[in-house]
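The block underneath contains the structure these notes are about, expressed in structure tokens.
Model, not experiment: these values are computed from the prediction. We use all heavy atoms of the structure for the numbers below, so side chains are in, but hydrogens, waters and symmetry mates are not. By convention in this document, chain letters (A, B, ...) are assigned in the order of the sequence lines, proteins followed by strands, and residues within each chain are numbered from 1.
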Amino acid sequence: MPPLSPWSAAEDFRGAPAAGAESAKIPGFRPPGTDMSRYDFTAIEARWQQRWQAEKTFRAPNPGDEGFDPAKPKFYVLDMFPYPSGAGLHVGHPKGYTATDIVARYKRHRGFQVLHPMGWDAFGLPAEQYAVQTGTHPAATTAKNIEMFRSQLQALGFSYDWERELSTTDAGYYKWTQWIFQKLYERGLAYESEVPVWWCQALSTVLANEEVIDGKSERGGHPCVKRPLRQWMLRITDYAERLLADLEGLDWPDSVKAMQREWIGRSEGAEIDFEIEGGAGFTAFTTRPDTLFGATFCVLSPEHPLVDQVTGAGQRAAVAAYREEAARKTELERAELQKDKTGVFTGAYALNPVYQDGHPLRRMPIWVADYVLMSYGSGAIMCVPGGDERDHEFALKFGLPTVPVVRPEEAEELPACWTGAGWMVNSGFLDGMAVEQSKPAMTAWLEERGIGRAKVTYRLRDWLFSRQRYWGEPFPLLHGPDGEVELVPTEDLPVSLPELDDFTPSPSGDPPLARAKDWVRVVDADGKVWRRETNSMPQWAGSCWYYLRFLDPGNDTAAWDPEIERYWMPVDLYVGGAEHAVLHLLYARFWHKVLFDCGLVSTDEPFRKLVNQGMVLSFAYRDQRGALVPVQDVEVDGDSCRRKDGELVERIVAKMSKALRNVVNPDDVVAEYGADTLRLYEAFMGPVTASAPWNPRDLPGVHRFLQRVWRLYLAGVAEAADAEVERALHRCVAKVGDDLEQLGFNTALAAMMEFVNLVTKKEARLSPDQAMRFAVLLEPFAPHLAEELAAGLGRAESLALAPWPAVDAALLVEDTIEVPVQVNGKLRARLQLAADADSGEMERAAREAAAAHLEGVEVRKVIVVPGPRPMVNFVVV
RNA sequence: GCCGAAGUGGCGGAAUUGGCAGACGCGCUGGCUUCAGGUGCCAGUGGCCUAUUACGGUCGUGGGGGUUCGAGUCCCCCCUUCGGCACCA
């Protein structure tokens, strides 16, 4: 019998080898002119990508579609869809995409119907700014960028169902974004409001609080100022409690949950109505109603509407000056100056309801100070210097009295300011109570008198939902001649973006859409003239519900079909960057809950499990003067890095950015090593959740692994399965499966490497059946190569839906176990014992093995641990 | 300051419920193959001490304490890095 060709046993699988087998050695798929002794990843990858596309291998059928199997469980695995920037992909993007793709492919092997879509979050500033500069229509820029992103992603062999591709900028998509806005509007969750908002001159738009960091725009870092403007707001605060409570049941990283909790910022307390001497009054929120006996003054925020009214004649000038100064300060300056408390007395007094007229603490001076924010609570507070650090600081600076009201446990003396637990003192009917009891006691006391009540306050603000941009979803709203506002009728959706050639704000200062005069003016059947809303929605709008549109992207009579929604939702695994921990994820949860309340979705949360992929960092180089050196000008020799001219440069690890000139383009990696190698490296770098630097030096390592696999198959198949190899394969299958369930891609790969190393070292060959099973294991990671190997083995159809190999538990159990023997916890010997050795045998054998260390000492105790991780420890004196 | 995550070889990183620290990969060292090699293969590779035909000892998971027969893993204190929040009453 001639030596077995690698795929000569193909008949065992699929009958005759595929056609075109002019070489007995490599039947089936050999492209002309290619030397198949070499792992020709370029040819292999192109071929399979074509075939997947042609055969729609990854099409996910919906309920009712051909090929849909109601018996199969579903798995919805989603990437945070990207903004298609002009810069194209860098190797950071595929880190998350590789993770989800591995999971998607693995779940298919496990018999799941997998929904794994990709689309584009394509509205947004850069395309519009580019349009302003060059006159290129944002739609053209966007189309071009999407083209590039798609082809780059396709080159990586991701198993997306491309038939479900969507872009938030398509009218067929944003029609439904507008439709959802209608739902919000109808439920009273959208309203217009004159609010102080962040205005960014450079971007000529308002920004949401969350989009402004330290007084600068999140995108671009341009300075922003607060300005009162009429804007559309969404009443997300109505959902604060549920957004907070429902975090509980989500399988999300603790850090993200914590950030959302903090952002929502629930605090329990009471609001108290204070009378002002001589008339008016105000309400203050406090978390410490129990300390009311210690309230010695009050503070109003400089923006508080009552300030003018209460300020006495003598204080008018000082208060006016202070308010003006506060208004001029940006939030940033206020924060910077926070160490130093400032304020000014109004001349007015509030009355403390727990004291009678005539009591020295009855009259509380009212101050104005910028440490009280108008945007939180009621913009007015009662101040208890004995129970609050900030009030204490303020009282000290301005000589206001302090009354301690809480005695810390086991304290000899009353501290001037104590914020912790303890017993009430100087507090009338509360004296002797613990802080925790006295809170409800005081609240009840206030409620009885009708001057206060329990109250929960949130830090969360309503969502500023309008932008003064062209490249966003138009609001489906009309303004009537008398100021009335109407929704555009649903049947008239979408309200499409008008064509413009100038994307700057209109001369009147209105948003760019106001330039489209014909578009803005709408005459109804009765001849009434309406004006369209010229604000547009923020970029978050489209990303709030794209995961729902993926379910049924072609539907033009509904946003999605309810039956399809019930089948696929919720998203089982959602992978994306931690930068969306609050904004996108909170907004999307909010919309989803509204849709749930409308009866339009079947789950009250959209994303069951969330994973933040770590960042891919990159090396950057600085020369002696600290100037950045382009990466391609640096030669790395061992540990020293030199510029081409020989100067030593310093290596730093940083985010990839144009500025640092350290962006790695996946196209280059694919050209040099292939997509499978790129995928493998992304998966092998470490846990998905961890950030790690892109180290080009490590690429050949994973590439070598694929080469070894290729050569292993090329070497031919064995007639019969080797027993040891079979055991190792079962261990490998079990390990890879377990690891993938936990997203342990790097360790799964390590297990496969170990398997291949073992087979190579034994100079063994795989049986056809083993070879096929290993190809399935490899497929989620290196799908092109795995398909090629399977085809070579004679498989006619794609490997994508091949069942995951079964594990025989009996083969996972070793015949012998190695037992470490310790004396006083120190390793002294190792034993080989039969796997079924009992404790007695283990101890006996261990005594013998460690005899030298047990001589002349007294054995106090013997610890014998049987089982899969056995050990024996002698405790001696 | 508060909240969250993390700190393990030269590097990326492994290590079910506490049970052989350093899997796997890179790099490095030595050897082989090759006309050549940014190739392939084999062997070695935590530090120190000792041995030198195999062995052995000792230290070692940011630092210091503790619990335990046994700690990278659990508890307390501290340090560092990253991310978030920051006068939120």
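- The residue A:E579 sits apart from the nucleic acid: no heavy atom pair falls under 4.0 Å.
- Within the 4.0 angstrom heavy-atom criterion, only backbone atoms of the sugar-phosphate kind lie near A:E754; the bases stay farther away.
- Among the atoms of the strands shown, none is found under 4.0 Å from any heavy atom of A:R461.
- Side-chain atoms of A:D698 and base atoms of B:C26 include no donor and acceptor less than 3.5 Å apart.
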message: Within the 4.0 Å limit for protein heavy atoms, which parts of nucleotides 43-48 of chain B are touched? Write it as a string from 5' to 3', B for base, S for sugar-phosphate only, - for none.
response: S-----

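- With B:C41, B:C20, B:G4 as the candidates, the nucleotide lying closest to the side chain of A:R869 is B:C20.
- Contacts of A:R261 with the nucleic acid, taken as non-hydrogen atoms under 4.0 Å apart, are absent.
- For the pair A:K455 and A:F285, the cation does not sit on the ring face, since its NZ or CZ is not both under 6.0 Å from the ring centre and inside 45° of the axis.
- Here A:N757 lies in heavy-atom contact (under 4.0 Å) with sugar-phosphate atoms only.
- In this view, A:N824 and A:V875, A:V876 satisfy the side-chain contact (heavy atoms from CB on, under 4.5 Å) rule, not counting sequence neighbours.
- In the interface, the side chain of A:E672 is paired with the base of B:G38 through a donor and an acceptor atom under 3.5 Å apart.
- A:M752 pairs by the side-chain contact (heavy atoms from CB on, under 4.5 Å) definition with A:F705, A:C732, A:V736, A:L749, A:F774, A:L777, A:L778, A:F781, not counting sequence neighbours.
- Between A:K397 and A:E393, none of the side-chain N atoms (NZ, or NE/NH1/NH2) sits under 4.0 Å from a carboxylate O, so this pair counts as no salt bridge.
- Between the side chain of A:E393 and the base of B:C87, no donor-acceptor pair of N or O atoms lies under 3.5 Å.
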